[in-house]
Amino acid sequence: MTDLRELLSRLDVKPLELKRALDDTLEGQDQAKLVVATALCNHYSRLRAEQEVSLTTRRPTKDNVLLIGPSGTGKTSIGEGVARLLGVP
């Protein structure tokens with residue numbers, strides 16, 4: 001549980017802050033970066049709220065984001081960039 005609490009405290013970031021950080025490393029795909037940033041921030045906000053209630057009595061919710069597009073449009077780069085910024089695998 002300690003690792004989860006530490007992770008959640010580090011991930012207290014707003015979607016626009018995360019998108020701006022992605023802008024520094026990735027060009028284009030502004031809408032995709034904002035959608036992914038918003039989904040991640042919502043996910044971690046929900047995890048923080050569930051942590052306060054108790055993860056032992058409730059299973060954490062899981063959100064999925066599906067990035068669709070032709071090869072070379074930056075789908076993998078967005079995922080790798082977000083993971084690098086948040087320090088998650």
Side-chain angles (χ1 to χ4, degrees):
M1 287 298 168
T2 305
D3 293 334
L4 180 59
R5 286 185 185 143
E6 287 176 22
L7 178 64
L8 293 177
S9 67
R10 281 190 297 137
L11 298 175
D12 191 16
V13 64
K14 303 229 179 305
L16 283 177
E17 294 170 355
L18 186 53
K19 191 226 174 250
R20 285 187 194 117
L22 285 171
D23 287 340
D24 292 341
T25 58
L26 302 169
E27 290 186 34
Q29 297 294 348
D30 291 328
Q31 183 178 2
K33 288 187 283 190
L34 185 58
V35 168
V36 169
T38 302
L40 280 169
C41 290
N42 288 341
H43 173 71
Y44 285 111
S45 292
R46 199 169 15 259
L47 280 178
R48 273 191 297 279
E50 290 176 354
Q51 177 70 28
E52 291 172 9
V53 171
S54 174
L55 288 178
T56 58
T57 59
R58 220 175 128 184
R59 259 185 101 178
T61 56
K62 181 181 173 207
D63 298 326
N64 294 314
V65 174
L66 181 63
L67 299 176
I68 300 173
S71 296
T73 57
K75 299 176 301 289
T76 301
S77 297
I78 289 173
E80 289 173 346
V82 167
R84 185 176 54 253
L85 288 170
L86 297 178
V88 297

Q) Under 3.5 Å, side chain of K33 to main-chain N/O of G28, donor-acceptor pair present? A) yes
Q.
Determine whether a donor-acceptor pair (N or O, by modelled atom type, separation under 3.5 Å) exists between the side chain of K75 and the backbone of P70.
A. yes
What is the distance from atom [atom1] of [X] to atom [atom2] of [Y], rounded to the nearest 0.5 Å?
| X | Y | atom1 | atom2 | value |
| --- | --- | --- | --- | --- |
| D24 | K19 | CG | NZ | 10.0 Å |
| L22 | L34 | CG | CG | 10.0 Å |
| T38 | L16 | OG1 | CG | 7.0 Å |

I need the minimum non-hydrogen distance between [X] and [Y], along with the two atoms involved.
| X | Y | value |
| --- | --- | --- |
| Q29 | T73 | NE2-O, 2.9 Å |
| P15 | A37 | O-CB, 3.5 Å |
| L26 | I78 | CD1-CA, 3.7 Å |

Q) How about R84 and T25: do any of their side-chain heavy atoms sit closer than 4.5 Å? A) yes
Q. Quick one: does D30's side chain get under 4.5 Å of D23's, heavy atoms only?
A. yes
Q | Joint hydrophobic cluster, V35 plus L40, side-chain heavy atoms closer than 4.5 Å | A | no
